[in-house]
There are 2 protein chains.
Amino acid sequence: MKQLNEIESPPTASDSAGKLGEALVHDLDTGIEEAVFDALSVGDTDQVRVLVEELHFSDIADLLERLDDDHRATLVEILRVNFDPDILPDLDESVREQVIELLGVDVFAAALAELDSDDAVEVLEELDEEDQKQVLDAIPDGDRQLIEEGLSYPEDSAGRLMQRELVTVPTFWTVGDTIDYLRKSAEQEANPLPDHFYSVYVVDPKHRPVGEVHLDTLLRSKRPINLLDIMASDLKQIPVTTDQEDVAFLFRQRDLASAPVVDDAGRLVGVVTIDDIVDVIDEEHEEDIMRLGGVRETDLYEAALNTTKARFSWLVINLLTAILASSVISLFDATISQMVALAVLMPIVASMGGNAATQTLTVAVRALAMKEITATNAGRLIGKELLVGAINGCLFALLAGGVAWFWFDSSALGAVIAMAMVVNMMVAGLAGTTIPIYLDKNNIDPAIASSVFITTITDVVGFFVFLGLAALFLI
Amino acid sequence: MKQLNEIESPPTASDSAGKLGEALVHDLDTGIEEAVFDALSVGDTDQVRVLVEELHFSDIADLLERLDDDHRATLVEILRVNFDPDILPDLDESVREQVIELLGVDVFAAALAELDSDDAVEVLEELDEEDQKQVLDAIPDGDRQLIEEGLSYPEDSAGRLMQRELVTVPTFWTVGDTIDYLRKSAEQEANPLPDHFYSVYVVDPKHRPVGEVHLDTLLRSKRPINLLDIMASDLKQIPVTTDQEDVAFLFRQRDLASAPVVDDAGRLVGVVTIDDIVDVIDEEHEEDIMRLGGVRETDLYEAALNTTKARFSWLVINLLTAILASSVISLFDATISQMVALAVLMPIVASMGGNAATQTLTVAVRALAMKEITATNAGRLIGKELLVGAINGCLFALLAGGVAWFWFDSSALGAVIAMAMVVNMMVAGLAGTTIPIYLDKNNIDPAIASSVFITTITDVVGFFVFLGLAALFLI
């Protein structure tokens with residue numbers, strides 16, 4: 001009992017800790033943002049510089065995103081000297097483009113050369129070909145090669161995602177050899193170690209990975225112990241061209257912290273770590289939710305005109321489907337002119353079907369994204385949704401039928417809307433599952449089967465069945 | 001140029017590596033699932049045992065989810081001896097409940113005791129109070145205390161998420177002291193070290209964290225070096241009651257791999273690692289996408305009757321809003337009976353507004369979830385969406401007006417639908433942003449403002465403006 005009470009009303013002491021946490025987590029919000037904004041508005045450059053100096057690069061990135069175009073340009077001017085390159089990967093795409101333009105090719109290229117190769121590739125891959133070439137030309141040879149190599153892997157592949165810097169050791173080394181090597185490397189001027197790493201990889205003479213030793217394993221083992229005896233050898237090796245969504249799925253499925261990436265010959269070429277996966281998961285989510293909502297991509301920071309253009313194409317499709325639904329209604333215009341109640345009630349049938357279909361679609365799209373629907377259970381799922389549609393269809397047939405009867409004092413009208421409701425809700429369950437599953441089977445993103453398409457079906461069926469039955473039985 | 005060519009048509013060698021990756025990532029799909037299914041169908045228990053023995057626990061969890069009830073019960077019977085406790089946290093909630101019931105309290109309690117405390121809490125928190133108590137009573141004292149402690153933190157807090165097992169060292173230790181301690185601890189029978197860890201935490205005598213030493217830093221430093229000299233002291237400390245979404249935001253924002261959790265007195269009580277955060281991010285996203293789609297939670301594996309019940313309440317709300325929209329239409333029944341074309345065209349106005357509003361809503365809800373909308377840019381965002389609505393409204397006014405004019409040979413009808421379109425698209429932009437922002441400000445999940453509510457507004461406004469203008473100008 002006790003802990004449950006605590007769950008519902010946490011004691012005041014931990015409550016204040018919660019607020020502390022809130023402040024800690026959102027520390028950019030607490031005044032600094034507005035202070036920078038105010039200083040920018042009055043043109044107090046020195047004050048802005050002082051305020052920004054203390055900020056973490058990801059907070060500066062947030063700040064740049066939230067400012068309007070003029071203030072953003074001013075802030076970039078202030079940041080230009082000693083520009084922190086880590087700001088770039090954290091920026092939203094459309095803001096990043098603007099910042100890059102403001103910085104100019106030379107400053108941008110210098111910043112890029114300072115980034116880790118995977119981050120540099122991530123920033124550069126969004127630019128168009130010509131801009132890429134111009135920037136690459138301004139980058140020193142060594143860095144340029146690493147970045148070009150990264151860009152040579154397919155978009156959204158493990159090769160683009162992986163970090164090339166990693167620690168490899170031969171099979172015959174001991175714990176002591178490895179620790180000595182790490183200490184010695186750290187002392188060298190051209191330090192070959194990555195900034196951070198979680199494992200060392202044991203490779204054979206052909207540079208193929210044979211095992212992985214987590215750093216904590218290394219630390220709890222005595223110096224003379226052979227790496228072969230403590231390494232984990234059940235490595236999940238990721239081919240370099242694997243799609244990043246599959247990589248993310250593997251990480252989730254196996255609770256991995258990192259995984260080695262190999263080329264066609266099985267040679268170790270890099271390592272993917274879980275923090276890169278978090279970005280992939282966020283991207284994936286964004287794609288799903290945006291497509292379901294009929295938006296191509298997040299356009300929060302886009303200019304109004306670009307946003308209008310992007311949304312327009314989707315709305316054109318909707319206009320066509322709406323005209324299709326209207327033409328179904330126009331088949332029955334004679335019926336409607338005899339009984340206007342039909343025009344009043346027909347949106348109810350369509351809307352209920354549309355919402356039931358959206359519910360089913362959402363569950364199906366999410367399950368497909370999580371790879372939870374397979375050949376063995378797809379049929380069962382469709383059957384279940386059909387059943388759910390049938391049961392809810394009967395329940396809402398009673399409710400809507402009752403409302404129609406009471407409202408227009410016609411039991412026949414109630415019966416017609418009730419029948420149409422059952423049919424449309426079952427169609428909703430069927431279309432909401434079969435269409436995304438069919439698209440997924442044909443390697444089309446099922447989220448594209450957004451409400452627009454599914455609700456077209458329920459609109460057309462809803463209007464047709466309701467008005468058709470009315471024409472048959474009521475007129 | 002070269003790398004861009006490669007992006008579009010990767011060479012065949014890497015293509016086959018991609019397929020290898022596909023097979024590797026989805027290895028449960030390739031035959032094993034169907035083989036188990038077939039063996040279960042013919043009742044060949046031994047064959048099932050052989051097939052399942054080789055599987056990773058997360059694959060067994062997937063398998064259990066995908067089977068129907070009867071086969072699932074048979075498989076649980078087969079797995080009962082030496083039941084792998086790690087299967088439990090990986091199961092979907094409704095399947096897990098069923099598996100727990102099949103296992104019985106004693107086997108389940110034994111499995112729970114073997115899990116890490118945070119996993120055990122995760123499994124147990126989903127059960128109802130009575131079942132929790134029954135299971136806790138069957139767990140040995142020491143394990144039970146740890147689990148009860150975990151359950152005492154608020155739901156969805158850092159305390160529930162964190163791992164209690166961690167490595168702390170005093171401020172006066174050197175690298176050598178730490179390595180010796182880790183080696184000695186690993187030898188002890190009651191090994192106090194966690195299974196895996198990425199950092200050691202330096203704590204003061206009051207057990208408050210003062211710094212963190214990443215394991216790679218420890219490994220590249222010489223033995224006599226003091227931890228105080230190499231530790232990272234800019235720790236982001238997370239109060240134990242912080243909401244898990246805020247914790248996830250912090251991890252993303254700062255690219256953290258792990259972070260210390262402290263109690264009210266600032267004492268180190270646990271550590272949150274990035275792999276726990278991946279689950280939180282998935283959960284969060286699931287919540288957003290489901291709420292936007294008008295589903296309370298994923299119900300893929302729920303029985304049809306439970307699913308029906310859960311969806312019913314949402315559809316009831318939709319029925320009420322649909323009746324509201326219908327009553328707006330009924331205000332104009334005299335107008336419609338004089339001009340049936342209005343009934344044919346009115347769904348176009350409503351549907352375009354509804355879809356434009358859903359687009360805006362989706363972008364706003366996602367941006368709010370990512371904490372990208374703040375006091376400084378909210379007004380600008382609303383203004384932008386209003387502008388987007390106005391521009392697209394004018395464009396679709398021309399298109400829909402043209403269609404109406406052509407279809408019903410009436411320029412006046414075209415003008416009326418054009419005006420209604422502009423108004424409704426602007427309302428869509430306004431409602432799609434202000435409503436989620438308002439809800440978020442009042443600490444209500446903005447995703448709950450799902451299409452159902454937003455489209456009610458665009459339905460009501462669309463019908464009212466279109467039919468109202470028609471009544472004024474056409475009749």
Side-chain angles (χ1 to χ4, degrees), chain A residues 3 6-7 10 13-14 17-18 20-21 25 37 58 66 151-152 154-155 182 186 197 215-216 219-220 239 241-242 246 250 253 255 264 274-275 285 289 293-295 300 304 307-308 311 318 322 326 329-330 333 336-337 340 343-344 348 351 355 358-359 362 367 376-377 384 387-388 391-392, chain B residues 3 6-7 10 13-14 17-18 20-21 25 58 66 151-152 154-155 182 186 197 215-216 219-220 239 241-242 246 250 253 255 264 274-275 285 289 293-295 300 304 307-308 311 318 322 325-326 329-330 333 336-337 340 343-344 348 351 355 358-359 362 367 376-377 384 387-388 391-392:
Chain A
Q3 66 268 34
E6 279 188 8
I7 292 168
S14 56
L20 179 69
V25 170
F37 189 80
S58 51
R66 288 176 197 165
L151 286 172
S152 76
E155 223 172 316
L182 292 173
F197 55 101
L215 297 191
D216 61 302
L219 278 162
R220 56 180 116 193
T241 51
T242 311
D246 290 329
L250 181 68
Q253 182 75 348
D255 286 327
D264 299 347
I274 182 112
D275 51 298
H285 287 176
I289 208 165
V295 194
L300 190 67
T307 301
T308 308
R311 308 238 182 118
N318 186 57
S326 288
I329 300 173
S330 76
D333 52 359
I336 292 172
S337 68
V340 177
V344 173
I348 296 180
S351 154
N355 273 286
T358 302
Q359 289 182 330
T362 306
T376 31
N377 69 359
K384 178 188 134 179
L387 183 61
V388 171
I391 303 175
N392 265 333
Chain B
Q3 66 269 34
E6 279 187 8
I7 291 167
S14 57
L20 178 69
V25 170
S58 52
R66 287 175 197 166
L151 286 173
S152 76
E155 224 172 314
L182 292 173
F197 55 99
L215 296 191
D216 60 303
L219 278 162
R220 53 180 119 193
T241 51
T242 311
D246 290 329
L250 181 68
Q253 182 76 347
D255 286 327
D264 298 348
I274 181 117
D275 51 299
H285 180 249
I289 207 166
V295 195
L300 189 67
T307 301
T308 308
R311 306 236 182 119
N318 185 56
S326 288
I329 301 174
S330 76
D333 52 0
I336 294 172
S337 68
V340 177
V344 173
I348 296 181
S351 154
N355 273 286
T358 302
Q359 289 181 331
T362 306
T376 29
N377 69 359
K384 180 187 134 180
L387 183 62
V388 171
I391 303 174
N392 265 334

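Just so it is clear: chains get the letters A, B, ... in the order the sequence lines come, proteins before strands, and each one is counted from 1.
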Legend entry - Closest heavy-atom pair and its distance - I348(A), A322(B): CG1-O, 3.9 Å

Legend entry - F37(A) portion near chain B, given a 4.5 angstrom heavy-atom threshold: side chain

Inset, instruction - Heavy-atom distances under 4.5 Å only: say whether V344(A) touches chain B with side chain, backbone, both or neither. - result: both

Chain B contacts, top residue of [options] (heavy-atom pairs, under 4.5 Å):
options                   : answer
L182(A), T358(A), D255(A) : L182(A)
N355(A), N377(A), L387(A) : N355(A)
S337(A), S326(A), A343(A) : S326(A)
I391(A), N318(A), I289(A) : N318(A)

Inset, instruction - Output yes when a side-chain donor or acceptor of H285(B) lies under 3.5 Å from a complementary backbone atom of H285(A), and no otherwise. - result: yes

Legend entry - Donor-acceptor contact below 3.5 Å, side chain Q359(A) vs main chain V295(B): no

Legend entry - Residue list, side-chain hydrogen bond (donor to acceptor under 3.5 Å, both in side chains) with D275(B), at least two apart or on another chain: T273(B)

Legend entry - T362(B): partners by side-chain hydrogen bond (donor to acceptor under 3.5 Å, both in side chains), with sequence neighbours left out: none

Inset, instruction - Please determine, among I274(B), T307(B), N392(B), I336(B), the option with the most heavy-atom pairs under 4.5 Å with chain A. - result: N392(B)

